[in-house]
Number of protein chains: 2
Amino acid sequence: MRPEDIPVVRNLPLFSDMDDRRFEELVEAALLQTFPPQVDLIREGDPADFLYVLVEGAVEMYASHNGRETTMAVIEPTSAFILAAVLNDVVCLMSARTFLPSRLMMIPNEHIRRCFSEDTTFAGAVAAELSKSYRQLVKQHKEIKLRFAGERLANYLLRQSQARGDPTQFTLPAGKGTIAALLGMTPENLSRAFGALSAHGVRVRGGNIHIDDAKRLADFAKPTPLIDAVEEIYERRGVKSIGP
Amino acid sequence: MRPEDIPVVRNLPLFSDMDDRRFEELVEAALLQTFPPQVDLIREGDPADFLYVLVEGAVEMYASHNGRETTMAVIEPTSAFILAAVLNDVVCLMSARTFLPSRLMMIPNEHIRRCFSEDTTFAGAVAAELSKSYRQLVKQHKEIKLRFAGERLANYLLRQSQARGDPTQFTLPAGKGTIAALLGMTPENLSRAFGALSAHGVRVRGGNIHIDDAKRLADFAKPTPLIDAVEEIYERRGVKSIGP
DNA sequence: ATTCCATCTTGATTTATATCAAATATGGGG
DNA sequence: CCCCATATTTGATATAAATCAAGATGGAAT
């Protein structure tokens, strides 16, 4: 395991408040593995044997049913996934595969669950992480039910341009096929949607997106914080005392 | 506040392991209110001032954007809602309205958050509840992305027939317009989808559904536990000790 | 460079679903 | 019990999106 990876994982909100001893134990028990692209890490329906932490690379969460397949999320460093399944010790609802060469820390199920039941601080951090993920997913669900494909793309581009440094320029975090599935459309449709957005100042070359004028794009996209805001992790602070 | 309501709330997994003193305090601080149908309890974007527990009646969670509106969930007794928003002390992502005369316990934000930070047991129960809700929503999201409208309805009927006592007969928990929005379709389309399901042994009279043969319907619906299983709440037990 | 393969694009068409417009039920007050 | 308002159904049509079928593009390996 690369020693320089440890502090990065340590600094995740999930682990940052945990005491050193306990974190050491987790690291001790964990595997650090490197995978090439296109490796299946998890298959939906399998038991959640590990909590995964993506340290480097990129992972796609996806789901299949009846011959159809869709992307549920694109995960980038540094973040944990399948926490809910691990915690409840149940089967995964989503599959996961690398789509870049990736380095992952894999912490065995029992260790996570033991920490959760023994360590108050960790339990709190878990709740914070879960509520973040939950609200993230509420937004995704609202988006797919309330917006058309073209609007979803436009807002996705605005969110990405915010999340990455430069608001005028960025690179898609995955291939267009994956992005299409993430946004609930076919690749053909994504292509056409990009075409339509050129009328709103979006220029595409390969995976590179240029936005002439975010305001103009927003006029079309109509973003709202109730769908598009990034969920901040809840910092567990004291609550002001109640009553007189 | 009706004294007979208290034990019901007490028995929710969220509160059942909490110690008596603390629960008393929550009850003390809580409001118990009765509302007629069609009352807006929460508007998305508003701060989450209370954790709501539905004791009797029925509540619709919904979301609006750009003149469109959709149903996110139909809540029945006894269950809590907007936990994630309360915990993080942020705005609600969904609106809520009664659609039956309803009795609700409303526990002030600060009390919930104080319990969460002071009471390990409660923090654990919160995490369990959140992971349940999260996985529930993952399933909803998979369903809408991977199934057609008719399949969604068929599987919804199968789930309902399981959840309610009689597998051959049950009543819809809400009007068809609401069910349609919940399943991501228009009322017109729901009507036609019901029509199509008559070929698979589904008989409808008003809100009353009769399923001739669940197996036959399942042949069409192709249910899978990875979308259709009901999430059980995680019972927080000890984890077997690790290593030699 | 050139080939090969995968990805992406474009156009034609089909399918799923929404919308519009009536007609028909349904159910709760008067 | 009747009437009204609302919900649901049905039919006709429009729109969004998927599918099918070629092409074009762009890398990576040779």
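- A:Gly177 comes within 4.0 angstrom of the backbone, heavy atoms only, and of no base.
- Remark on DNA chain D: of its neighbouring residues A:Arg152 and A:Arg205, the 5'-side contact belongs to A:Arg152, judged by nearest-heavy-atom nucleotide.
- Minimum atom distance to the side chain of A:Glu188 is reached by D:dT19, of the listed D:dA17, C:dA21, D:dT19.
- Between the side chains of B:Gln169 and B:Asn208, a donor-acceptor pair is found at a separation under 3.5 Å.
- At the heavy-atom level, A:Gly207 lies nowhere under 4.0 Å from the strands shown.
- Rounded to an integer number of Å, the gap from B:Arg192 CZ to C:dT15 P is 17 Å.
- Put simply, A:Asn189 has a side-chain N or O that comes within less than 4.0 Å of OP1 or OP2 on D:dA18.
- Here B:Thr186 reaches the OP1 or OP2 of C:dA18: one of its side-chain N or O atoms lies under 4.0 Å away.
- What separates CG of A:Leu172 from C1' of C:dC8 is a distance of 12 Å, to the nearest Å.
- Ion pairing between a basic and an acidic side chain is recognised when a charged N comes within 4.0 Å of a carboxylate O; A:Lys132 and A:Glu231 show no such pairing.
- Nucleotide D:dT6 holds its C1' atom 11 Å from the CD atom of B:Gln38, rounded to whole Å.
- In this structure, the side chain of A:Asn155 engages the main chain of A:Ala221 through a donor-acceptor pair within 3.5 Å.
- If you check C:dT9, D:dT10, C:dT17 against the side chain of A:Ser191, the one that comes closest is C:dT9.
- Rounded to a whole Å, the CD atom of B:Glu60 is 12 Å from the P atom of D:dA7.
- Regarding A:Met185, its CE atom lies at a distance of 15 Å from the C1' atom of C:dC8, rounded to whole Å.
- Look at CG on B:Leu146: it is 16 Å from P on C:dA16, rounded to the nearest Å.
- More than 12 heavy-atom neighbours from other residues, nucleotides or ligands sit within 6.0 angstrom of CZ on A:Arg216.
- Here A:Gly175 lies in heavy-atom contact (under 4.0 Å) with sugar-phosphate atoms only.
- A cation-pi arrangement is absent between B:Arg103 and B:Phe35 under the rule of less than 6.0 angstrom and at most 45 degrees off the ring axis.
- Rounded to an integer number of Å, the gap from B:Asn208 CG to C:dG27 C1' is 16 Å.
- Distance CZ (B:Arg147) to P (C:dT17): 13 Å, rounded to an integer number of Å.
- For A:Phe148, whose side chain is taken as the heavy atoms from C-beta onward, the closest listed nucleotide among D:dA17, D:dT19, C:dA18 is D:dA17.
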